[in-house]
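Scroll down for the structure; my scribbles are underneath it.
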Amino acid sequence: MAKTLSATFGLLCAIAGACAPVTAFAQDDEFVPETLTAKAEMDPGPNVFVNVQNWSGGPSVGYIYSAEDLTRKGSVSGGSQSHFTISRDGTTAYMASGYYPRYDSGDGEHVLQIFDVATNTLTKEIPIPYKLAQYTDDLSLLQLSADETFAFVQNGTPATSVTVVDLAKGEVTQEVPSPGCFGIYPLLEGIGFSAICNDGAFTTFVLSDDGATFESQKSQTIFDPDADPIYLSSDRAEGDLLFISYHGNVYRLSDTGGVIKKLSVTPIADGVEGNWGTSGYTVVTYNEANGILFVPMASEHHDGSHYHGSEEVWAYDLRNKALLYRSPLADLVGVAVTDGAEPELYGFSLKNSMVYKFEVDPLARFAAKQVAEHSVDGFATTLMVSP
Amino acid sequence: MAKTLSATFGLLCAIAGACAPVTAFAQDDEFVPETLTAKAEMDPGPNVFVNVQNWSGGPSVGYIYSAEDLTRKGSVSGGSQSHFTISRDGTTAYMASGYYPRYDSGDGEHVLQIFDVATNTLTKEIPIPYKLAQYTDDLSLLQLSADETFAFVQNGTPATSVTVVDLAKGEVTQEVPSPGCFGIYPLLEGIGFSAICNDGAFTTFVLSDDGATFESQKSQTIFDPDADPIYLSSDRAEGDLLFISYHGNVYRLSDTGGVIKKLSVTPIADGVEGNWGTSGYTVVTYNEANGILFVPMASEHHDGSHYHGSEEVWAYDLRNKALLYRSPLADLVGVAVTDGAEPELYGFSLKNSMVYKFEVDPLARFAAKQVAEHSVDGFATTLMVSP
Amino acid sequence: MAKMIDSFLGWMDAAAENRTRRIADGSGRRSFLQKAGWALVGGAVLPMLPYDNSNGQAFARGLGEPDELPEDCEYWRYCSLHGSLCSQCGGSVTQCPPGSTPSKVAWVGTCRNPNDDKDYLVSYNDCCGKGGSCGDGCSRQEGDRPGYRYGLASESSWCLANTDKGIHCTVAIVVGQAE
Amino acid sequence: MAKMIDSFLGWMDAAAENRTRRIADGSGRRSFLQKAGWALVGGAVLPMLPYDNSNGQAFARGLGEPDELPEDCEYWRYCSLHGSLCSQCGGSVTQCPPGSTPSKVAWVGTCRNPNDDKDYLVSYNDCCGKGGSCGDGCSRQEGDRPGYRYGLASESSWCLANTDKGIHCTVAIVVGQAE
């Protein structure tokens, strides 16, 4: 019985075939069919953000966990090789990433996306120059100005520059050339930032109020990039900038006055047996209330081991220059601590694909022990905690 | 020393900073710097193809291994959720897949890509209707006509139809509606194919020489989709089509004459203790020279276990209706055997992320033992062997 | 298990036929098909609220379920699930995580509810339009059939009819009783 | 190790300065920068054949290497490698796999060759324009510096200056002797 079907009829038949099971529902009076919805908002409360960068041509994701117990509450997703940050109050997330429609060939575009954290929704997408750094994420690669009206985006083609984005207007105001410099460390006042340069100096860029022009000042030499290279990772301590070198030397810098000045260098592993060095990516995090720096460290560190996982996390009293405690927390490559009197420490492990919460005891020399964990799928090097 | 840098100057500086190391090479006369090249062609020889489908918004990949020792020789990459096949001579590969420029939002496109296997290069890309089945790969979802002049692509929106592509012209000639039917099993002569339908019958579609029109014939009921559902997986045996059910019943069908006819049903697990059933995705592969069917099987099979990995691979003599050997090959979800007198069997495991080669001994009741392996990263359900 | 399959088969055959015929309301096959097509696109026939802040507590009516629902693959209504649990990434058993979109179409399973010993039809909808993984995957796939019975095909993406394709996780909605 | 770092530092400082000055040929900084920029885009300065069928046997001249090269991360020229080995997916130590494209730019390491006990400059180029993974990854990263020394930054994609971005694997080309 050969026949020729019309395309229209065929498609309708097929739909019927597919949906017949779906359209069937019960006649029983007591049963009320359930409804399918999307949750409107995440549960409230402080959050931990982990930026999972996709290097395989798929979406990067900012995973959002409860800071309480690391329950996974939601996520926002963007393009490839994301850089990520959040607003100070934790209500807004920013992701700079690349979309490559053919994954492995042809042109793409780079965008800065703004997300409402509560609803996990994209609220704005701003095209940026096709120069975004395709680089392992560090918090210094996407930063906001002090008043959070501008975003600074690290470029690398491999020529380096910084794209300045007016967040209210949703447009790029300029591309600041920062040749031989990398990393963005915003000033605490005004519109501007500093960057680490290839000769061990820093350059500070002070922008006009409209973000359209800049002036720059280069510092004296701050560190020796050959003998004592510093990580991109940084945190603030009482308004100063803290960096740490591969070899565990803490550089405390001031950026007031539009130029970086070196305040002190503190070797935290001096006198500790075992050739300890810093180990990880997000390796500088400072608890303000107690003046304690937490650093993932590994023994027998050597050329090339600086991004390996930790053997321990050290609690170092930066005010009294004293190593207080060495918690045996292995395989961490990123740490973040809250600023309160009772610090909460978070960290994650690439090896174990896990994010962890650690309870820190101020009465026990800031010893840290694990109290929660959650799996993280993918490649992450940065994390942040919101109020 | 505040200064304003011009963007141009800054960029050049940055490039110099980046490339200074690269431009430095030695003056030593005896040293000849090496050159960076791309290999022009893969090493010759028969190949094993494994289609790794990307379901996460990234590229799918057809991985190519030496059929000799499973050395990885190359790959071709396309879009998401690929379906994959090769020409009979193994020189051309075909991939139907989806490109979704924003991964998680907005429109995309579906394409059929043609690759030259030797050079691993894309030679043609043909846009196809945005209806491609986003479905775990089976070999029946992308097939070529007997003379390899047309490609048949399975659609599912979830309405089902088949896109017909003229490969020489690089264009779609028609969309054949196949309501309630799925899977593409090309005829051995002429331009056409059969499909499995929801009532347990098959429909055979015979196309005009230009691929632009078709006539269809529906068969008698072949199997019971409720009681004895068959897999999509199929192979040819002396010109007949072989299918197998979840419960290990082999359906031998003829498609000559433009309609499917049932020739025999052979229960391969009858009389075997342990409630054995078929287990995997690519579960039907037949060695022509010896008339042996190889099937991944698992004991205590139950509703929902049909895609689990194997416990054993059975060698079943289909001519003499005899179970010859049960090789203890665990965790396989796909198998492919060559057609020669000395069969070579390949299989892969999702659990172990491995492709394997097995030596099959015709003198030992076609017992199979592993002789090579190679890792496969990602989700794969199909494999093919080329001459 | 056998009973469930029987029930399932019954539902696929006469019972479903009867019900769909009733829905079709005698207004002709073509008309029914159009309606069915619309219903399918509309999402499991049922009215779908765009957003819900009930934390997934609005369900379980008439199912005799406990207040706290289990989150593992062995939960009864996951009998045909093939996907990752939305309850592990910001959603719930019946809610897509914030910022994702429920799929317009779904596959269906028939699961035995141990709380009342009845069989229910469960609609498995993917949550779409969000990249990245969710929690653990489940692959129970009871009643699964290949694409020749597409409405039971757990191996398909079910974001396929949505504009935003990214599959994030899968929910399980009890949409009816099986007879 | 200390000696290699010393050598590396020497190369970064005076030696490299001397060499680049020679290349610049006294024709002015800006001109040099333009040339260097061009050279960078041209791919590790060296002439690059588009295709090669030598199976990677055309190298190792003057390096005293054995015929068969090791494929593991500990191979001497992989000292600063951060990526997966092209030799494990259809390429070789110096060849991108068929169908992929060598990166136009690269990072550089300084590695001690145990065959002649000399230090060499090694250019690590990504092979671009192909999706999917390659073989095992290596992360030795000796001499690696963050992006403020971009030419040593193994944490960057080096397909970033190619039109086709997909990073497939990484090769290691000996481009010079370190002094």
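Letters go in sequence order (proteins before strands), and every chain restarts at 1. A quick note: this is a predicted structure, and the numbers were derived from the prediction, not measured.
- With a 6.0 Å radius and a threshold of 12 heavy atoms from other residues, nucleotides or ligands, B/E171 has its CD atom above the threshold.
- Shortest non-hydrogen contact noted between A/S56 and B/P59 is O-CD, 3.0 Å.
- Interface remark: B/V61 contributes no atoms to any contact with chain A (heavy atom separation under 4.5 Å).
- Per-residue counts of heavy-atom pairs under 4.5 Å with chain B were compared for A/G108, A/G78, A/G156, A/S80; the largest is that of A/S80.
- For B/D224, the side-chain contact (heavy atoms from CB on, under 4.5 Å) partners at least two apart in sequence or on another chain are B/D226, B/A227.
- Taking both residues in full, the closest heavy atoms of B/Y100 and A/Y103 are given as N-OH, 4.2 Å, listed atom of the first, atom of the second, then distance.
- Using a 4.5 Å cut-off between heavy atoms, B/S77 contacts chain A through both its backbone and its side chain.
- In this structure, chain B has no heavy atom under 4.5 Å from any part of A/Q174.
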